[in-house]
Amino acid sequence: MRKNIVAGNWKMNNNLQEGLNLAKELQQALAGKTVNCDVVICTPFIHLASIAKEITTVGLGAQNCADKVSGAYTGEVSAAMIASTGAQYVIIGHSERRAYYGETNAILKEKVLLALANHLTPIFCIGEVLAEREAGKQNKVVETQIRESLFHLSAKDFGKIVLAYEPVWAIGTGVTATSDQAQEMHAFIRKTIAEKYGSAVAGETSILYGGSCNASNAKELFANPDVDGGLIGGASLSVDKFMPIVEAF
Ligand code: 13P
């Protein structure tokens with residue numbers, strides 16, 4: 001059966017010392033507890049190697065990787081470098097990367113291939129902007145994002161992907177998708193996967209929800225049959241806010 005996952009996306013927050021403290025605090029909060037999901041934190045690159053040494057029960061990921069293997073790409077960090085820190089995950093295609101750094105579906109396709117080649121689990125983000133939802137185009141937009149960046153993969157490799165539906169209008173706005181809106185989109189995503197790879201692969205794919213997910217709405221969102229967890233921004237920056245989301249399963 002597919003995994004439930006609650007992943008924190010720290011974005012560009014916390015210096016190294018603050019990040020280390022937060023990771024240790026989270027690990028302590030989880031100690032001796034049985035939770036019904038995998039817990040992951042996705043930190044800035046510079047935190048990865050240090051945090052990898054401190055955490056054992058929490059998964060670790062980066063928030064981006066280069067679309068090139070190695071070489072003269074000043075400022076970039078490759079999937080191989082991320083894997084060498086001990087991290088197991090990488091967020092790819094976050095809407096902030098798409099919007100502010102010009103990452104296209106074609107570029108993201110390369111990133112996914114490199115992540116998989118380096119045995120990292122991509123947490124691949126998809127989602128529509130407000131104007132697209134208002135025009136009723138959200139399904140088409142999300143389907144295109146999936147098709148153009150992921151549908152070249154074999155069924156075996158697609159099975160290694162975690163998806164995160166993050167409606168852009170819900171990210172950092174305090175406006176969450178309703179439980180019905182989330183379930184409707186997640187069911188559509190699963191159907192789209194099933195049409196390409198079959199229902200077994202679709203049934204094994206974890207599809208997370210992201211966008212103003214917090215302690216007060218996580219339970220209702222995660223209760224949906226096709227919502228397999230969350231990708232959490234703001235509320236992942238403190239253990240007090242993050243733990244109730246982890247415990248919402
Ligand atoms: P918020 O939880 O702050 O809305 O951010 C969601 C997000 O972008 C996670 O990747």
Side-chain angles (χ1 to χ4, degrees), residues 4-14 18-19 22-23 26 37-45 47-48 58-65 82 87-101 103 108 111-112 115 120-130 132-133 138 141-142 145-146 149 161-179 181-182 185-186 189 206-222 224 227-249:
N4 294 328
I5 302 169
V6 173
N9 174 10
W10 289 2
K11 307 195 180 181
M12 195 171 73
N13 293 292
N14 292 324
E18 291 162 347
L22 178 56
L26 178 62
C37 61
D38 287 2
V39 181
V40 177
I41 50 175
C42 297
T43 77
F45 291 128
H47 297 62
L48 292 172
V58 179
L60 181 63
Q63 300 168 15
N64 179 32
C65 67
I82 294 166
Q88 311 92 38
Y89 294 84
V90 58
I91 295 173
I92 295 177
H94 192 281
S95 66
E96 288 149 17
R97 302 288 323 167
R98 293 174 187 263
Y100 308 149
Y101 301 97
E103 297 194 356
L108 298 174
K111 295 190 178 202
V112 168
L120 293 170
T121 298
I123 301 176
F124 190 79
C125 301
I126 50 188
E128 79 286 357
V129 299
L130 185 60
E132 290 163 340
R133 177 159 284 263
Q138 65 273 17
V141 168
V142 166
Q145 290 170 335
I146 295 173
S149 297
I161 305 279
V162 172
L163 286 173
Y165 170 58
E166 299 205 304
V168 180
W169 46 270
I171 294 177
T173 58
V175 180
T176 319
T178 65
S179 178
Q181 282 172 326
M185 177 57 86
H186 284 225
I189 292 167
S206 296
I207 308 175
L208 316 185
Y209 168 81
S212 299
C213 185
N214 57 41
S216 44
N217 57 35
K219 228 185 179 74
E220 192 186 344
L221 286 162
F222 298 172
N224 286 300
V227 178
D228 307 311
L231 184 55
I232 317 301
S236 72
L237 295 173
S238 93
V239 169
D240 288 350
K241 292 188 175 150
F242 193 53
M243 275 305 285
I245 303 176
V246 168
E247 292 176 309
F249 270 112

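Just so it is clear, the structure is predicted and the values come from calculations on it, not from any experiment. Order of appearance sets the numbers: ligands from 1, and atoms from 1 within every ligand. We use all heavy atoms of the structure for the numbers below, so side chains are in, but hydrogens, waters and symmetry mates are not.
- Residue-ligand proximity: Gly174 is placed with every non-hydrogen atom at 4.0 Å or more from ligand 1.
- Annotation for ligand 1: atoms under 4.0 Å from non-hydrogen atoms of Ala170 are 4 (O).
- Test Ile5, Ile91, Ile171 against Leu231 for side-chain contact (heavy atoms from CB on, under 4.5 Å) and you get one pass: Ile91.
- Nearest to atom 4 (O) of ligand 1 by heavy-atom distance, out of Gly233, Gly210, Gly172, is Gly172.
- Close contacts of ligand 1 with His94, meaning ligand atoms under 4.0 Å from a residue heavy atom, involve 7 (C), 8 (O), 9 (C), 10 (O).
- When only modelled atom types and interatomic distance are considered, Asn214 and Ser216 share a side-chain donor-acceptor pair under 3.5 Å.
- Of the listed options Gln63, Glu166, Glu96, Glu166 places a heavy atom closest to atom 9 (C) of ligand 1.
- A donor atom on one side chain and an acceptor atom on the other are not found under 3.5 Å apart for Thr43 and Asn14.
- Each of the following atoms of ligand 1 lies closer than 4.0 Å to a heavy atom of Gly211: 4 (O), 6 (C).
- More than 12 heavy atoms of other shown residues, nucleotides or ligands fall within 6.0 angstrom of atom CD in Glu18.
- With respect to Glu128, the side-chain contact (heavy atoms from CB on, under 4.5 Å) criterion is satisfied by exactly one of Gln145, Glu166, Met185: Met185.
- Classification of the Tyr165-His186 ring pair by plane angle, with boundaries at 30° and 60°, yields perpendicular.
- Applying the 4.0 Å criterion to heavy atoms of Ser212 picks out, from ligand 1, the atoms 1 (P), 2 (O), 4 (O).
- When hydrogens are left out, the protein atom nearest atom 3 (O) of ligand 1 is Gly234 N, 2.8 Å; that is the closest non-hydrogen contact.
- Here Asn9 has side-chain heavy atoms under 4.0 Å from ligand 1, and that is the only part of it that gets that close.
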Gln63 and Asn9: side-chain contact (heavy atoms from CB on, under 4.5 Å), yes or no, with the steps?
-> CA-CA 7 Å; Gln63 300 168 15; Asn9 174 10; 3.5 Å; yes

